[in-house]
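Only one structure is covered here, and it is reproduced in the block below.
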Amino acid sequence: MEREYTAKDIVVMKGLEGVRHRPGMYIGTTSVRGLHHLLWEITDNCVDEAINGYADKIEIVLNADGSVTVTDNGRGMPIDKHPELKIPAVEVIFTVLHAGGKFNYSSYSYSGGLHGVGASVVNALSRWLEVEIYRDGNIYKERFESNYNKKTKKIDSGVPVAPLTVVGQTKRKGTSVTFMPDDRVFDTVEFNYDTIAMRMRETAYLNSGLTITLKDMRTRPAREDEFCFMGGIRDYVSFFNNDKKALFSDIIYISGEYNAIKVEAAFQYNDGYSENIFSYVNNIATTDGGMHETGFKTALTKVINEFSRRFGVLKDKDDNFSGEDVREGLTAVLSVKMRDIQFEGQTKTRLGNSEARVATEMVITEEFTKYLNDRKNDNVAKAITSKAVEASHARLAAKKAKTEARKKTGGLENAPLIGKLAACTGRDKSRNELFIVEGNSAGGSAKQGRNREYQAILSLRGKPLNVEKTRLAAVEGNEEYRTIIAALGTGIAQDFDISKLNYDKVIILSDADQDGAHIRAILLTFFYRYMRDLIKDGHIYIGLSPLYKISKGGKDEYAYTDEELLEVTKRLEKGYTLQRYKGLGEMNPEQLWATTMNPANRKLLKVDIEDAKNAEYLITVLMGDKADKRYDYIIQNANFNKKDAYEDIVR
Ligand code: 1YM
């Protein structure tokens with residue numbers, strides 16, 4: 001049966017056409033990250049249904065044909081006819097851009113990511129999409145396709161192939177969506193199991209009692225995971241502190257509501273020195289913090305200071321604890337749920353709503369005060385205040401030492417350090433590169449092989465200090481780091497100023513072995529902790545060096561991975577000699593330049609910490625106290641020579 005198109009159909013099609021024309025505007029990018037955004041759009045709808053109390057199960061299946069199926073046990077998408085468009089609501093949801101907001105559906109949406117563009121965008125960017133709804137005893141089904149139109153020479157996006165149809169009976173309730181991402185749109189259409197698992201684990205932590213299952217039918221045997229945390233964000237805090245020594249066993253949990261903003265926080269202290277606050281709004285990670293985080297910090301500082309005054313931990317002569325003092329060794333998860341969220345900042349990962357600050361500060365102040373003053377929690381109160389005392393003493397001592405050092409050297413305390421740096425001659429900061437090289441012999445080769453106009457070399461002796469276990473003051477006192485800090489010119493931690501950066505690229509060059517992986521991880525931890533914007537702004541790189549040299553007839557070729565080696569040796573057939581490099585130090589200056597430093601043919605991985613939490617986990621496990629776990633993790637995950645460890649390979 002030929003279907004007649006009405007004016008409304010055309011509006012609908014034009015909308016989705018726009019999405020296909022400019023996918024980046026709707027999902028940010030057509031890279032592998034954009035691909036996963038499609039999936040989040042669908043899972044977010046399920047999470048909404050769960051937050052509103054109608055669903056408690058979500059199932060994701062990566063099908064063998066490359067499509068993905070997401071199913072929930074909620075009410076089922078609405079199927080009643082839309083009063084104006086005269087088509088079932090489900091069809092509106094999948095074919096009208098921004099159907100959610102525009103038609104006033106889903107006003108209770110708490111999830112929904114950065115883009116929050118909805119199911120129609122997923123449809124527009126899929127080869128085909130099928131939705132099944134289990135509702136009122138029926139199974140309803142509709143299929144949409146994006147096919148090439150010979151007449152218009154364009155692709156008609158997300159067009160229904162038939163009206164919504166009842167295809168069977170059922171007792172169950174819920175919605176199931178299967179879609180095949182369009183390979184004409186995305187750079188890759190291969191979903192990454194680990195990316196999805198990570199996000200779903202996080203979602204499960206943030207929504208206690210929600211069960212999320214993930215199954216990969218593309219591999220044999222199928223891979224499967226189930227995430228469900230009855231303790232919610234409390235369990236999340238224990239997960240983060242798993243490898244650390246907690247100061248007390250209790251995990252402080254606070255929840256409350258203020259002006260229709262739901263605030264939930266869980267926290268605990270460990271014997272380390274770093275502060276780790278993981279904040280969320282509507283299940284979206286706010287890696288740059290924002291108003292809710294500010295409210296949390298203000299409340300924490302205020303409550304601990306008031307309590308300490310009242311019970312004489314702070315005497316009249318003492319200054320108040322600073323914010324850093326009360327956050328030393330803190331691991332916290334803060335989750336806020338509210339309407340009309342606004343993001344700020346370059347990466348749109350900072351919450352801008354000031355009402356979130358007010359609500360968070362109110363809820364935390366009230367509940368945390370009650371908690372500390374409850375005699376049951378005396379041991380916790382004592383541990384927290386003692387930790388703050390210790391931190392404030394360390395802070396004051398470091399400040400004093402710094403002032404004295406400055407007096408002695410007349411402000412030139414960095415001068416001798418710069419001597420360790422083989423600086424470059426050029427002054428163009430936007431071109432200059434700093435290589436941080438493992439070992440003196442590789443450092444020597446790098447100094448001789450480099451282009452001295454824009455390449456500076458700093459060689460490290462041995463392993464740098466592990467900053468995870470160190471206070472800022474000790475880091476600042478460490479010669480290796482002082483050299484790096486002085487060379488970069490930016491300062492560190494609170495004093496960090498990226499506008500003073502002397503180099504466009506900071507390239508870590510370490511051996512392709514376990515020690516090299518460890519050194520790389522230590523340096524990344526340092527940048528992550530104290531110069532995070534260097535990573536965020538894309539200045540940190542890992543230089544790949546070849547694992548093999550293959551020579552034949554006086555010509556040398558290099559292989560950076562085992563796969564490349566196979567390729568080359570296959571092509572050369574026989575009569576070649578093979579050298580395996582055990583470390584950078586085995587390369588002479590010319591080889592190091594040709595393979596690792598020359599922008600024309602080197603391979604650099606741009607370090608991209610989109611997901612600060614995972615970096616923190618990696619760092620915690622790599623750097624934490626439990627050595628066996630660390631060893632396993634390095635073996636399994638620290639192979640930065642794997643391409644998929646980072647998104648971009650650049651020169
Ligand atoms: C596998 C994906 O989308 N589930 C889902 C979506 C909706 C509902 C239930 C729902 C919401 C409401 C009322 C409501 C959606 N509805 C809409 C819209 N799973 C999945 N489950 N009844 C059912 O929010 O009022 C958008 S999504 F727009 F119709 F409300």
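Every value quoted in this text rests on a predicted model; they were computed, and no experiment measured them. Start at 1 and go down the list; that is how both ligands and their atoms are numbered.
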For ligand 1, which atoms, with element, lie under 4.0 Å from some heavy atom of [X]?
X	result
I42	1 (C), 2 (C)
P78	10 (C), 16 (N), 22 (N), 23 (C), 29 (F)
C46	1 (C), 2 (C), 19 (N)

Handout entry: Location of contacts on I93 toward ligand 1, heavy atoms closer than 4.0 Å
Key = side chain

Practice task
Examine F229 together with F239 and report whether their ring centres are nearer than 6.0 Å.
Solution key: no

Handout entry: Sub-4.0 Å heavy-atom approach of A89 to ligand 1
Key = no

Exercise for the section: Please state whether G76 comes within less than 4.0 angstrom of ligand 1, counting heavy atoms only. Expected result: yes

Problem - Winner among R75, M77, E59, R135 once heavy atoms are compared against atom 13 (C) of ligand 1 - result: R75

Exercise for the section: Look at atom NZ of K302 and say whether more than 12 heavy atoms of other residues, nucleotides or ligands are closer to it than 6.0 Å. Expected result: yes

Practice task
Could you tell me how the ring of F240 sits relative to the ring of Y236: parallel (under 30°), tilted (30 to 60°) or perpendicular (over 60°)?
Solution key: tilted

Exercise for the section: Give me the ring orientation class for F144 and F94: parallel if the planes are under 30° apart, tilted from 30 to 60°, perpendicular past 60°. Expected result: tilted

Practice task
For ligand 1, find out whether one of its N or O atoms is nearer than 3.5 Å to an N or O atom of T71.
Solution key: no

Exercise for the section: Would you mind checking if E59 and K215 are paired as a salt bridge, meaning a charged N to carboxylate O distance below 4.0 Å? Expected result: no

Practice task
Would you check if there is a donor-acceptor pair between the side chains of Y205 and Y280 at a distance under 3.5 Å?
Solution key: no

